[in-house]
Amino acid sequence: MRETQSLRDAFFARGFVTDCPVYDMHGHMGPWPGSSLPRCAPEDMAYSMERAGVAIIVFCHHAALMSPDIGNRANIDAVRRFPNYFRAYCAVNGNYPDVIARDLKAYDRYPDVFVGFKFLADYHRVALTDARVRKVWEFANERKLLVLMHTWGGSAYNGPGQVAEIAAKYPQVTLLMGHSCHGEWDKAAELAKKFSNVYLELTAVLDDRGVLEMFVRKAGSEKILFGTDSPWFNHHHHIGAVLGAEMTDDDRRNIFHRNARRLLAPFLPRDWEKRKRCREACVSG
Amino acid sequence: MNLRFFDANVSIGRPMNKAMYEPLADVKALLAHMKKTGVGKALVWHVAQHDGSPCEGNSMLANAIRGQRSLYGCWALLPPNVDDVITPDFFRRMQKSRIVALRVFPDMHRYLLNRVVFGRFLDEVTARRIPLLLSMEFAVTWPAVYALLKDYPSLTCIIADLGAWSVDRYTYPLLETYPGVHIESSFLACTDGGVERMVEKFGAGRIVFGTAMPRRYTESAMLQLVHAEISDTDKALIASGNLERLVAGVELS
């Protein structure tokens, strides 16, 4: 990127910006019962990533979240097939303590796969604070892991109240509020400001214009992470929203890569972005 | 390539309830935004048509866009023979006011969207090739869209604001069955591969560019289209060509 060129102009010109990689901290993979997703296979997702300069998607496979009989094997297989593109959150479904116990026991066998856990409490109807998932929180707290939670305004399972309780109880866990307590935007911003271990995440936030500007104003761009629910949402669509929001390019860089790079540092090889540049060279060559 | 954008889905005016987004309070604000983002033309409606009275909202919109060569308007309908929106000189007034499309808000305004309610009026709208915008964000339901098109299969319509999560299972059967159905892109662009797959199956002629400004960011649908994996010709059709064609085809005289 030329020094004088804004990120907006650079993304419109090429589709990606070499010195502004995008870290997508909220992804999925595979088919979903309620919708038809054109690009949900890992190879299709990887191709989409190249076109938008996405350095990594940290994801949790739909099958791992929705089908206990498949479980986290879907995550492990995908990351091991595409180790330069993906890392995974280990799915937690509180309805199946036996599966949780098995996954925790096996967790350390996959340092190349997992960065932490993913909760989908609204869907599983097991609150973040439920006793059935306590061991997961203790495990994550001991190891200082990342946890991506589906969060939604008004929810009794993963609303702002549950997030606050978990944030206070497990300060060593880095909590990513997936969808930023959708609808209860002010409370989400307050949580991110109050707790050093709580981050806002932008999946399904960016189709509501104005929310992101408020997050930057109230919580600061240092507490915001980019995410797309990929393969649901198109990266350029969400990148475009960040480019259209009123903020500085410095704020945008925090959101696109600086914050996530810092959080993922313990889990990724040091040469991660160098690998990405090699990928870009291969694609454009 | 430099695309020319004609936005099919823009609103002006302040909503009844304060929203997170900053509204485009008037045409001056809209034109400034279009200049900033590189949108050349827009098909506009006024929030008062939905939140307040379609009669007054239609009039406010006509006054707001008067003399603005880059703007066209959408009027909101109410059932014939109940209120004063559909008057004998309705189409002549549309022509005089640069109104080239229509919108309906059936749930908000408490009517059904079918032949029993609209009778021959929508036959005339069909014959005049006036696009009817159906916003899924403003209380039009999928069963209502299906019922409407069953009654008026040749209607030109633009289904807008599809919803953030892919609804191809609703839209594809309509595109397959009714040649007048078009899809507005503000949310279609949100689905990864959504635009590309629709172009592959139905051709680029069925998609019109839209942003839903000020509720959504203009740059979202723009950046997606600029870098979509379709031909430059198809991009130009979606960005402005298709809506130009629809507007040119409207017969109001």
Side-chain angles (χ1 to χ4, degrees), chain A residues 7-16 24 27-28 32-41 44-45 47-49 51-54 57 179 182-183 185-186 203-215 228-246, chain B residues 1-3 5 10-11 15 18-24 33 36-39 137 161-173 185-201 211-230:
Chain A
L7 284 180
R8 184 188 192 284
D9 291 345
F11 271 107
F12 268 93
R14 292 187 70 193
F16 61 89
D24 185 340
H28 295 287
W32 176 262
S35 276
S36 171
L37 301 172
R39 294 177 179 167
C40 62
D44 295 330
M45 290 173 63
Y47 185 65
S48 289
M49 291 167 71
R51 294 180 57 81
V54 177
I57 296 178
H179 314 296
H182 196 281
W185 309 118
D186 284 318
T203 294
V205 175
L206 294 170
D207 54 299
D208 281 305
R209 181 171 158 265
V211 177
L212 177 55
E213 284 93 330
M214 183 274 280
F215 282 172
T228 65
D229 251 352
S230 173
W232 288 90
F233 300 145
N234 176 277
H235 284 111
H236 282 131
H237 183 279
H238 272 35
I239 290 167
V242 177
L243 298 174
E246 294 291 331
Chain B
M1 71 178 298
N2 282 326
L3 291 172
F5 289 95
V10 180
S11 60
K18 186 88 174 154
M20 287 299 296
Y21 62 83
E22 186 65 32
L24 294 166
H33 179 77
K36 178 182 159 194
T37 52
V39 172
E137 198 170 353
D161 307 315
L162 296 178
W165 282 272
S166 170
V167 290
D168 291 349
R169 290 173 187 161
Y170 290 121
T171 55
Y172 282 21
S185 72
S186 61
F187 267 141
L188 178 65
C190 199
T191 298
D192 195 26
V195 168
E196 287 86 346
R197 187 166 73 175
M198 196 171 281
V199 168
E200 185 187 334
K201 286 183 180 289
T211 66
M213 183 69 192
R215 302 187 312 283
R216 293 192 279 283
Y217 294 100
T218 300
E219 288 83 351
S220 289
M222 277 180 116
L223 188 65
Q224 186 281 328
L225 182 59
V226 165
H227 296 296
E229 289 184 273
I230 56 178

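Chain letters run A, B, ... following the sequence lines, proteins first and then strands; every chain starts at 1.
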Which atom of A/Val211 lies closest to which atom of B/Met20, heavy atoms considered: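 Closest approach of A/Val211 to B/Met20, heavy atoms only: CA-CE, 3.8 Å.
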- prompt: So does B/Arg216 pair up with A/Asp207, basic N to acidic O under 4.0 Å?
  reply: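 No.
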Side chain / backbone / both / neither for [X] at chain B, heavy atoms under 4.5 Å:
X        : result
A/Asp229 : side chain
A/Ala245 : both
A/Trp185 : side chain

query: Does a sphere of radius 6.0 Å around OH in B/Tyr172 hold more than 12 heavy atoms from other residues, nucleotides or ligands, not counting ones at 6.0 Å or beyond?
result: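 Yes, the 6.0 Å shell around OH holds more than 12 heavy atoms from other groups.
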Mark yes or no for whether [X], through its side chain, and [Y], through its backbone, hold a donor-acceptor pair below 3.5 Å.
X        : Y        : value
A/Ser35  : B/Ser166 : yes
B/Tyr217 : A/Asp208 : no
A/Arg51  : B/His227 : yes
A/Arg209 : B/Glu22  : yes

- prompt: Relative to each other, are the rings of A/Phe233 and B/Trp165 parallel, tilted or perpendicular (30° and 60° limits)?
  reply: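 The arrangement is tilted - the two ring planes meet at 30° to 60°.
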task: Step by step, work out the side-chain contact (heavy atoms from CB on, under 4.5 Å) result for A/His238 and B/Cys190.
output: CA-CA 8 Å; A/His238 272 35; B/Cys190 199; 4.2 Å; yes
query: Are the side chains of A/His236 and B/Ser220 in touch, meaning some heavy atoms are under 4.5 Å apart?
result: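 A/His236 does not reach B/Ser220 side chain to side chain.
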At a heavy-atom separation under 4.5 Å, does [X] approach chain A through its side chain, its backbone, both, or neither?
X        : value
B/Phe187 : side chain
B/Ala228 : backbone
B/Ala221 : backbone
B/Arg215 : backbone
B/Thr37  : both

- prompt: Judged by modelled atom types alone, do A/Ser48 and B/Asp192 share a side-chain donor-acceptor pair under 3.5 Å?
  reply: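 Checked: A/Ser48/B/Asp192 side chains pair up, N/O donor to acceptor below 3.5 Å.
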- request: State whether a side-chain donor-acceptor pair under 3.5 Å links B/Thr191 with A/Arg39.
  value: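 No, no side-chain donor-acceptor pair sits under 3.5 Å.
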task: Would you check, one step at a time, whether the test side chain to side chain donor-acceptor pair (under 3.5 Å) holds for B/Glu229 with A/Tyr47?
output: CA-CA 11 Å; B/Glu229 289 184 273; A/Tyr47 185 65; 2.9 Å; yes
query: From B/Glu219 CD over to A/Leu206 CG, what is the distance, rounded to the nearest 0.5 angstrom?
result: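 If I round to the nearest 0.5 Å, the distance is 12.0 Å.
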query: Run the side-chain contact (heavy atoms from CB on, under 4.5 Å) check on A/His237 and B/Leu188 step by step: do they pass?
result: CA-CA 10 Å; A/His237 183 279; B/Leu188 178 65; over 6 Å; no
- prompt: Who among A/Ala241, A/Pro231, A/Gly34 has the most heavy-atom pairs with chain B under 4.5 Å?
  reply: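 Most heavy-atom pairs within the cutoff with chain B belong to A/Ala241.
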